[in-house]
Amino acid sequence: MTQTTRQILVMGNWKLNGNKAMVADLIGALKAPAAECPNVAVAVCPPVLFLGQAQTLLADSLIALGAQDVDLNSVGAFTGENSAAMYKEFGVQYVLVGHSERRTLHRESDATVAAKFAVVQTAGLTPVLCIGETDAQFEANETQAVVERQLQAVIDHSGIHAFNNAVIAYEPVWAIGTGKTATPDIAQKVHAAIRTFLAGFDAAIAAKVQILYGGSVKGASAAGLFAMSDIDGALVGGAALQAEEFAAIIRAGA
Ligand code: PGA
């Protein structure tokens, strides 16, 4: 399947990093590279506390805003949580669901992730569904079974049409924050398998959905990944905190 109709999307997941000065510096430094590459969609996901600051700083740019997680509930006695409706007030467009750190550290099940995906979509925002296998699952050749199970949970909950307005991020857990990027060939094989799996339900949706790769993407590795026919961008952690690295990834998608 070709990538001709799919735009490259480069998204930075800042995780639990940053302060007001860093938010201002980083966003300031990303505006020019993003503007130079208008064919690349760019988004950043700062910690919730900095969404307001980021929204103001991004007002005159094409860089979109994302959040890293969402609560299942829209309002009420849920101490410490944030709702999709709150994100909307801050101009958020994308919300990550099911990042492996949430699945592992917060015990989020496939069913919980699928429910969060639906909550984001119902609010009119775009869920970015993170999927991927652990090191042990990779070694046991279970990658395809794992990502299909994670996708199936969303299809069971919301139906295949939910992928009409969603992004998928394939992030092998063994590559996240480890410096071990999947080779373009390994990543492409999984991305193609994801698209084939979705095509079993709806070929048009499968051909249209953006599938990002995530896991130690750097400026130097991005072009090789983006050259693959089923890789439509990157979800970037560590390198998204360094303006020059993130800018290089954006340029690699142009
Ligand atoms: P990394 O993180 O680029 O630091 O590996 C990617 C992610 O967790 O989204």
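Numbering of ligands and ligand atoms starts at 1, following listing order.
Across T134 and Q137, no two heavy atoms sit closer than the pair N-OE1, 2.8 Å. Between A29 and P33, the shortest heavy-atom contact is O-CD, 3.3 Å.
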Just do the salt bridge (Lys or Arg N to Asp or Glu O under 4.0 Å) check on D230 and K189 with the steps written out, would you?
CA-CA 9 Å; D230 288 295; K189 230 176 115 199; over 6 Å; no
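Under 4.0 Å from ligand 1, the heavy atoms of N13 that appear belong solely to its side chain. Looking at A169 against ligand 1, nothing comes within 4.0 Å, counting heavy atoms.
Each of the following atoms of ligand 1 lies closer than 4.0 Å to a heavy atom of H99: 7 (C), 8 (O), 9 (O). Ligand-side atoms of ligand 1 in range of S216: 1 (P), 3 (O), 5 (O), range being under 4.0 angstrom from any heavy atom. Each of the following atoms of ligand 1 lies closer than 4.0 Å to a heavy atom of A175: 5 (O).
Residue K15 has at least one N or O atom closer than 3.5 Å to an N or O atom of ligand 1. Distances between N or O atoms of G177 and those of ligand 1 include at least one value under 3.5 Å. Between G237 and ligand 1, an N or O atom pair is found at a separation short of 3.5 Å. At least one N or O atom of G238, backbone or side chain, sits closer than 3.5 Å to an N or O atom of ligand 1.
Of the N and O atoms on the side chains of N165 and T126, at least one donor lies less than 3.5 Å from an acceptor on the other residue.
Below 30°, between 30° and 60°, or above 60°: for H191 and Y213 the angle between ring planes is between 30° and 60°, a tilted geometry.
Taking a 4.0 Å cut-off on heavy atoms, G215 registers as neighbouring ligand 1. Not a single heavy atom of A240 sits closer than 4.0 Å to an atom of ligand 1.
The protein non-hydrogen atom at the shortest distance from atom 7 (C) of ligand 1 is E171 OE2, 3.1 Å.
In this structure, the side chain of K218 does not engage the main chain of E245 through any donor-acceptor pair within 3.5 Å. Here the side chain of Q68 pairs a donor or acceptor atom with the backbone of K15 at under 3.5 angstrom.
Rounding to the nearest 0.5 Å places NZ of K116 at 12.5 Å from CG of L129.
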